[in-house]
Amino acid sequence: MLKLKRKPSITVAKTAGFCFGVDRAIKLTYDALAEGKSVATLGPIIHNPSVVKELESKGVRIISAPSEAKAGETVVIRSHGVGSRITDELEKQNTEYIDATCPFVARIHRIVREKSSDGYVILIAGDDSHPEVQGIIGNVVENAQEGVFVFKDIDELQKIFEKNQNFFEKKVAIIAQTTYNNTLWGKCIRFISENCEHPQIYDTICSATADRQSEARELAEASDVMIIVGGKESSNTRKLYEICRECCKSYHIEDASEICGEDFSMAYSIGITAGASTPAHIIKEVQTQMSENVKIMDEEFDFEKALDESFKRIYTGNRVKGYITAVNDAEAVVDVGTKHTGYVPLSELTDDPSLKPKDVVSVGDEVELIVIKVNDAEGIVTLSKKKVDALVGFDTIVKAKEEGTVLSGVVVGVIKGGVLVSYNGTKVFVPASQATLRRDDKLEELVKKTVEFKIIEVNEQRGRAVGSIKEVAKANKTAAQAKFWESANVGDVIKGQVKSITDFGVFVDLGGIDGMVHRTELSWTRIKHPSDVVKVGDTLEVYIKELDKEKNRISLGYRKAEDNPWETFKAKYNVDDVVKATVVSITPFGAFAQIIPGIDGLIHISQIANQRVSKVADLLSVGQEVEAKITEIDIENQRISISMRALLPEEPAAEEAEAATEEAAE
Ligand code: F3S
């Protein structure tokens, strides 16, 4: 008999024992027996000899294939599930069957069926000899069986990728056996994300397993000895044992008889956990045996009651806390501390249409949720984060109204009479008159934008709030204007946006203040209209030319000194240089011809030809290229004179011409 030096504590893990799926399968088997059916299970209903033995004593047979079913027998498909070939066979031979496949496993079947028929390569993290994995493979559509790969760990996964280097271009979906190790899974999905372009990742690890494993680790870390109860064949029990033995001395037992007489005298604290297929009564027997062993039997302890209480019940409308265990493109999976798996669809995570689940929550986050649907048969609970946010959000809204706080939210849509802004899940109505600064601004342009607004009206009873974006925009504009006038100086360079264009210039929005750039300030070259240089919406870098703080007027400059063509001309040309110029305009007193862009020289009417010219247009036309000599440069007054005549041979004087004529006559 055990001799104790002290009284160790005994702690039973809250998650020890039957999981939802196993519990359901056993209940369905007993229900069938209660209905007087003759029952056979396709394989042992669970990996627990005592449960199997008890069922056998009630006449339940174990068969390994549908063909072994006797006429009139009802076949129970256990929680691991089977491939579709098995159910087809049962149907073909007209055998009644009860599908006790765990709903979480059935979900995996649905995924692989859908994805394999869509041409995806299916990667399964798990043990390919395990019936659950075989059942999953058996649900891949027939013509896609070659695209299914099972791997135990990251090494095997890497090898699969080495052999199939075209995976990068293929559509790849990855799922896990429900009892797969979380840490290994993390490594595998990291590898998949790095090596496939758009992998479809489905975290199908059952949270019951993850919870049981993490509680086992915590308990083992705090204990000197761990007792792990469950069938020696049960993979989830073996995994618990592996986890615990990393932390302390651990025993994997199938029932209490294995520890009878064991000496735990060195232990201060003893922990007990059990696999998913271990019935509560066996855990209780072990706990009782341990108590006897250490002579500290707690008369008050009602194990079944405690076990029962450890499973929280959950109802529609409950506000619950949970931890995010997985996030995919369509939903977040939550552990709410019950037997159910919680799902928060994207539509219940946020109203913001631009966000994906991973933008709202991350694995490990603790979140508050409202239960919107409980499906006990499938062990699924649908939850809403948005609704909790809305409740919290409305409290903030009421407070914001009282305190005049500026809030920030996303415009989620245009409705009759205004827009709806989502603030922490609460919708705030903003009437059209309060939505924009200018009446003609389009409400549609606000959609999906983050806006600042103030609450101007709240109806707490109806849970409604009215806001104003305009009030905040107006206040921001006034503040920006005050700041501008306080700090602006002539010469300051500022960026602004072209707001409107007129014949005489453009108006530029400098962030709440409008300034004008005169058309002559837009370019150094001749322009027909300001729209030749800028368009509405352009961002310009302008400088302040003149500032009238009293009249709130600003003149802006846009063209830059370094682009001044007079500087270029000065550096390149001198008087007497011969230039090629293009006639750009004709006047009664001469013609202007462009020497370089922005610089025109005047060819006076007297400088066009040697003889007298009565009409400029008789000799020159716009667009004509001429050769002329620079006769005068007046940079100060920005005037250039050029002469075509200066390049012509000189005409003889009148008397000389007369003498020459007379000589010719003699
Ligand atoms: Fe189902 Fe999870 Fe149990 S998958 S069978 S509830 S361990």
Side-chain angles (χ1 to χ4, degrees), residues 13-30 41-48 51-52 76-82 98-112 124-127 130-137 139 175-182 184-185 202-216 228-231 233-243 273-280 283 307 310-312 314 322-323 325-326 333-343 374-381:
K14 289 190 184 81
T15 49
F18 278 3
C19 66
F20 157 76
V22 167
D23 193 35
R24 179 170 169 269
I26 291 170
K27 269 194 194 124
L28 287 170
T29 311
Y30 274 99
T41 61
L42 205 47
I45 190 84
I46 55 170
H47 291 305
N48 187 286
V51 176
V52 172
V76 177
I77 295 171
R78 56 194 176 165
S79 57
H80 296 321
V82 293
I98 295 167
D99 188 354
T101 305
C102 171
F104 300 141
V105 179
R107 176 175 170 247
I108 306 178
H109 291 180
R110 280 197 298 274
I111 293 171
V112 297
I124 304 169
D127 175 357
H130 193 280
E132 182 190 318
V133 175
Q134 287 171 354
I136 295 169
I137 298 171
N139 275 281
I175 55 101
Q177 186 179 342
T178 52
T179 49
Y180 198 67
N181 180 289
N182 261 320
L184 280 182
W185 174 247
Y202 297 93
D203 184 351
T204 47
I205 298 176
C206 173
S207 67
T209 308
D211 293 349
R212 193 179 297 109
Q213 287 177 358
S214 68
E215 196 193 3
I228 299 98
V229 194
E233 296 303 313
S234 155
S235 79
N236 78 83
T237 311
R238 281 204 311 266
K239 266 177 202 149
L240 287 177
Y241 171 63
E242 278 159 25
I243 290 169
T273 188
S277 46
T278 310
I283 306 170
L307 198 62
S310 71
F311 296 122
K312 282 194 280 168
I314 198 160
Y323 289 93
T325 57
V333 185
V334 200
D335 173 6
V336 285
T338 68
K339 289 179 180 179
H340 305 83
T341 294
Y343 291 98
V374 181
N375 184 337
D376 277 323
E378 294 207 350
I380 288 170
V381 54

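Every number for a ligand or one of its atoms is a count from 1 in the order of the listing.
- Of the listed residues (I136, I205, D203), just one forms a side-chain contact (heavy atoms from CB on, under 4.5 Å) with I175, and that residue is I136.
- Among protein heavy atoms, atom 6 (S) of ligand 1 sits closest to G21 N, 3.4 Å.
- When each atom of ligand 1 is checked for a heavy atom of T209 under 4.0 Å away, the hits are 7 (S).
- The main-chain N or O of A25 is found under 3.5 Å from a side-chain atom of T29 such that the two form a donor-acceptor pair.
- Taking every non-hydrogen atom of C206 and a distance limit under 4.0 Å, the qualifying atoms of ligand 1 come out as 2 (Fe), 4 (S), 6 (S), 7 (S).
- For the residue pair T273/E215, the side-chain donor-acceptor check at 3.5 Å is not satisfied.
- Annotation: side chain of Y343 is not in contact with side chain of V381 (no heavy-atom distance under 4.5 Å).
- In this structure, F20 and F104 have tilted ring planes: the angle between them lies in the 30° to 60° band.
- At least one donor-acceptor pair closer than 3.5 Å links the side chain of N139 to the backbone N or O of V82.
- When hydrogens are left out, the protein atom nearest atom 3 (Fe) of ligand 1 is C19 SG, 2.1 Å; that is the closest non-hydrogen contact.
- Interface of F104 with ligand 1, defined as ligand atoms under 4.0 Å from a residue heavy atom, comprises 1 (Fe), 2 (Fe), 4 (S), 6 (S).
- For ligand 1, the atoms sitting less than 4.0 Å from at least one non-hydrogen atom of T178 are 4 (S), numbered in the order shown with element in parentheses.
- Checking C102 against atom 3 (Fe) of ligand 1, every N/O/S atom stays at or beyond the 2.8 Å cut-off.
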